[in-house]
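Note that the structure is predicted; figures quoted are calculated from it, not measured.
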Amino acid sequence: MSSLAKILHREGHIVKGVDVEDEFYTFTNDNGIHIETFSHMKLKKSYFYIIGNAYQNHSVTNYIKNMRYKNLSYPKFLTYYFKKQYWICVAGTHGKTTTTKMLSEFLPQSISLIGDGSFHYTGRQNFILEACEYKNTFLNYQPDLAIILNVDYDHIDFFKTKEEYQQAFIAFAKQSQFCILNGDEFSYRGKNTITFGKNFNNDIVFEYEKGVVTLLNKKFYLSVIGEKFAYDFVGAYIAAKFMNIKDYKIQNKIEHFIMPKRRFEKKQMNSQIIISDYGHHPNEIKAVYDAVKEEYENQKIICIFEPHTITRLQRFIEDFKNTLNLFDQCYLYSLFSSARETHNIVLEQQLYQKLGFPEYDFHTQNELSKLNDVVICFIGAGTIDTAYQSYINLVQKKAKEL
């Protein structure tokens, strides 16, 4: 919704917003877009309302509908507003934001909605959308070209079984005109699909070694180390080739690619490497660990993790424990409970006890800031960026005091 607001503002529309009072990293308001809170909003019949996925059942939404004010849901508005563009949808459990941003830089004449709250606007020929599977939202779209990066069971509060989750992606692939999918992680094959991966049973096979992808007899030097990033790149590369983009242009873009906000976002401060990442699934966290280990193999790696939704933590508790144990040290930040569930403090405490890691507090923050030659990873999909920024401020303050 943040990205969409900025695109509409960029195209000359008068845009306002209504949201909760909390500030999230996805909205950096440098466009002059006025944001009201639910307790201090002004609704008018003359407005056109776009209802975000998080507020489909909100009391304000019900009021807007009961008053018969002009409105569309977020997916329906996109389908209406961008109906003349060539649609490219990026789907998958992980990597959507990174791949959407990457593809937006590969393709000229494109508008891109990117999940970190940013957007890309170089023309109106192509529309690139990060298509989320939660509540089957991506089934509202029938893209000309789709990318499925991976299918790793998630969103337990909506998809009750792994099979139900996979079937949603199969339905999405079938209703796309053409689909590029990661054949190493997704077994679906269709007449309209092309697969990629490291395994030789894929249509397009690539090799990866420390930041270098070998693909179709050519080497591509990536700006970020990590096998997970390599898979994202290959998916975006195939889509770009489908759109007739030259290899040398892709190489130039990927060598200078800057990750989206909170996607393996790195800062070096004194002798510490500090990383912020949106990972909230055990396999995403492992991908972060693997990338850090590959790049900083001789350094101590510390994790501060914020679980996102109690249903996910409960369902994958053993997977979280095993993954977090890979780090040399791990600390737990308070759980982020989204609007989709009720915060159960007792259950949260029980699950934290099962994980067995100490909680992150001001004392821990201070002690970590004294360490040398370490990599400290702030990982989570909620508000852990607040802790990340607080830690950076502390390190900067101590540096000035020396």
Side-chain angles (χ1 to χ4, degrees), residues 75-76 78-80 82-96 98-100 102-104 106-107 109-110 112-113 125-155 158-159 161-208 213-218 220 228 230-247 250:
K76 288 182 178 179
L78 295 182
T79 303
Y80 163 75
F82 296 105
K83 60 186 174 184
K84 294 182 179 180
Q85 277 63 54
Y86 183 91
W87 274 58
I88 303 174
C89 283
V90 181
T93 315
H94 324 298
K96 294 186 291 294
T98 299
T99 307
T100 300
M102 199 185 300
L103 192 54
S104 72
F106 291 168
L107 301 184
Q109 289 294 309
S110 297
S112 302
L113 268 169
Q125 180 178 328
N126 306 301
F127 176 57
I128 307 172
L129 172 66
E130 181 176 331
C132 180
E133 74 275 16
Y134 184 58
K135 291 190 175 180
N136 284 325
T137 300
F138 63 175
L139 296 185
N140 287 281
Y141 315 125
Q142 296 181 323
D144 299 286
L145 179 63
I147 304 172
I148 297 179
L149 297 165
N150 38 65
V151 180
D152 198 1
Y153 184 36
D154 198 10
H155 299 302
F158 181 75
F159 297 103
T161 65
K162 182 177 180 179
E163 291 69 28
E164 185 182 335
Y165 187 75
Q166 291 176 336
Q167 285 300 317
F169 278 92
I170 291 173
F172 177 67
K174 286 182 176 179
Q175 68 187 42
S176 304
Q177 291 297 309
F178 195 81
C179 187
I180 300 164
L181 59 88
N182 178 347
D184 288 351
E185 295 197 19
F186 194 27
S187 60
Y188 173 74
R189 302 292 185 272
K191 292 180 180 179
N192 66 330
T193 63
I194 184 170
T195 65
F196 69 91
K198 293 175 66 180
N199 296 330
F200 285 97
N201 59 348
N202 288 293
D203 299 312
I204 297 177
V205 179
F206 75 93
E207 296 177 358
Y208 170 76
V213 167
T214 303
L215 176 65
L216 300 177
N217 297 318
K218 293 175 182 166
F220 293 89
K228 166 72 170 50
Y231 273 95
D232 294 345
F233 164 72
V234 175
Y237 170 84
I238 297 169
K241 295 304 293 181
F242 196 85
M243 305 297 290
N244 298 314
I245 306 300
K246 301 294 185 183
D247 283 341
I250 296 173

Side-chain heavy atoms of Leu103 within contact of Ile147, under 4.5 Å: yes
Beyond-backbone contact of Phe172 with Pro143, side-chain heavy atoms, under 4.5 angstrom: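 In contact.
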Under 3.5 Å, side chain of [X] to main-chain N/O of [Y], donor-acceptor pair present?
{"X": "Asn150", "Y": "Glu185", "value": "no"}
{"X": "Lys96", "Y": "Gly92", "value": "yes"}
{"X": "Trp87", "Y": "Leu129", "value": "no"}
{"X": "Thr137", "Y": "Tyr134", "value": "yes"}
{"X": "Lys241", "Y": "Ile245", "value": "yes"}

Step-by-step ring pair (Phe, Tyr, Trp, His ring centres under 6.0 Å) determination, Tyr188 to Phe169: CA-CA 9 Å; Tyr188 173 74; Phe169 278 92; over 10 Å; no
Intermediate values then yes/no, ring pair (Phe, Tyr, Trp, His ring centres under 6.0 Å), Phe178 and Phe242: CA-CA 10 Å; Phe178 195 81; Phe242 196 85; 5.0 Å; yes
Can you sort out the partners of [X] under salt bridge (Lys or Arg N to Asp or Glu O under 4.0 Å), two or more places apart, ordered by chain and number?
{"X": "Asp144", "result": "none"}
{"X": "Glu130", "result": "none"}
{"X": "Lys218", "result": "Asp247"}

Contact summary for Thr99 and Ala236, nearest pair of heavy atoms: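 For Thr99 versus Ala236, the nearest heavy atoms are CG2-CB, 3.9 Å.
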Minimum-distance pair of heavy atoms, taken over all atoms of Lys83 and Thr79: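 In terms of heavy atoms, the two residues are closest at CB-O, 3.3 Å.
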Gap separating the [atom1] atom of [X] from the [atom2] atom of [Y], nearest 0.5 angstrom:
{"X": "His94", "Y": "Lys228", "atom1": "NE2", "atom2": "NZ", "answer": "7.0 Å"}
{"X": "Ile170", "Y": "Tyr165", "atom1": "CD1", "atom2": "OH", "answer": "12.5 Å"}
{"X": "Gln85", "Y": "Ser110", "atom1": "CD", "atom2": "OG", "answer": "10.0 Å"}
{"X": "Lys162", "Y": "Asp152", "atom1": "NZ", "atom2": "CG", "answer": "7.5 Å"}

Sole candidate of Leu113, Leu107, Leu145 that passes side-chain contact (heavy atoms from CB on, under 4.5 Å) when paired with Ile128: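 Checked Leu113, Leu107, Leu145 against Ile128; only one passes side-chain contact (heavy atoms from CB on, under 4.5 Å): Leu107.
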Neighbour count above 12 (heavy atom, 6.0 Å) for Glu164 CD: yes
For residues 192-205, tabulate all N or O donor-acceptor pairs below 3.5 Å that involve a side-chain atom, not counting sequence neighbours.
from: Asn192; atom 1: ND2; to: Ala173; atom 2: O; distance (Å): 3.1
from: Asn192; atom 1: ND2; to: Ser176; atom 2: O; distance (Å): 2.8
from: Thr193; atom 1: OG1; to: Gly190; atom 2: N; distance (Å): 3.0
from: Thr193; atom 1: OG1; to: Gly190; atom 2: O; distance (Å): 2.7
from: Thr195; atom 1: OG1; to: Asn202; atom 2: OD1; distance (Å): 3.3
from: Thr195; atom 1: OG1; to: Asp203; atom 2: N; distance (Å): 2.9
from: Thr195; atom 1: OG1; to: Asp203; atom 2: OD2; distance (Å): 3.3
from: Lys198; atom 1: NZ; to: Glu227; atom 2: OE1; distance (Å): 2.7
from: Asn199; atom 1: ND2; to: Asp184; atom 2: OD1; distance (Å): 3.0
from: Asn202; atom 1: ND2; to: Asp184; atom 2: OD1; distance (Å): 2.8
from: Asn202; atom 1: ND2; to: Asn199; atom 2: O; distance (Å): 3.0
from: Asp203; atom 1: OD2; to: Thr195; atom 2: N; distance (Å): 2.8

is_close_aromatic(Phe106, Tyr237), centroid dist under 6.0 Å: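 No; Tyr237 has its ring centre 6.0 Å or more from that of Phe106.
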For Asn136, all residues meeting side-chain contact (heavy atoms from CB on, under 4.5 Å), sequence neighbours excluded: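 With sequence neighbours excluded, Asn136 shows a side-chain contact (heavy atoms from CB on, under 4.5 Å) to Phe138, Leu139, Phe158, Phe159, Ala168, given in chain and number order.
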Partners passing ring pair (Phe, Tyr, Trp, His ring centres under 6.0 Å) against Tyr208 (at least two apart in sequence or in another chain):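 For Tyr208 there are no ring pair (Phe, Tyr, Trp, His ring centres under 6.0 Å) partners, ignoring immediate neighbours.
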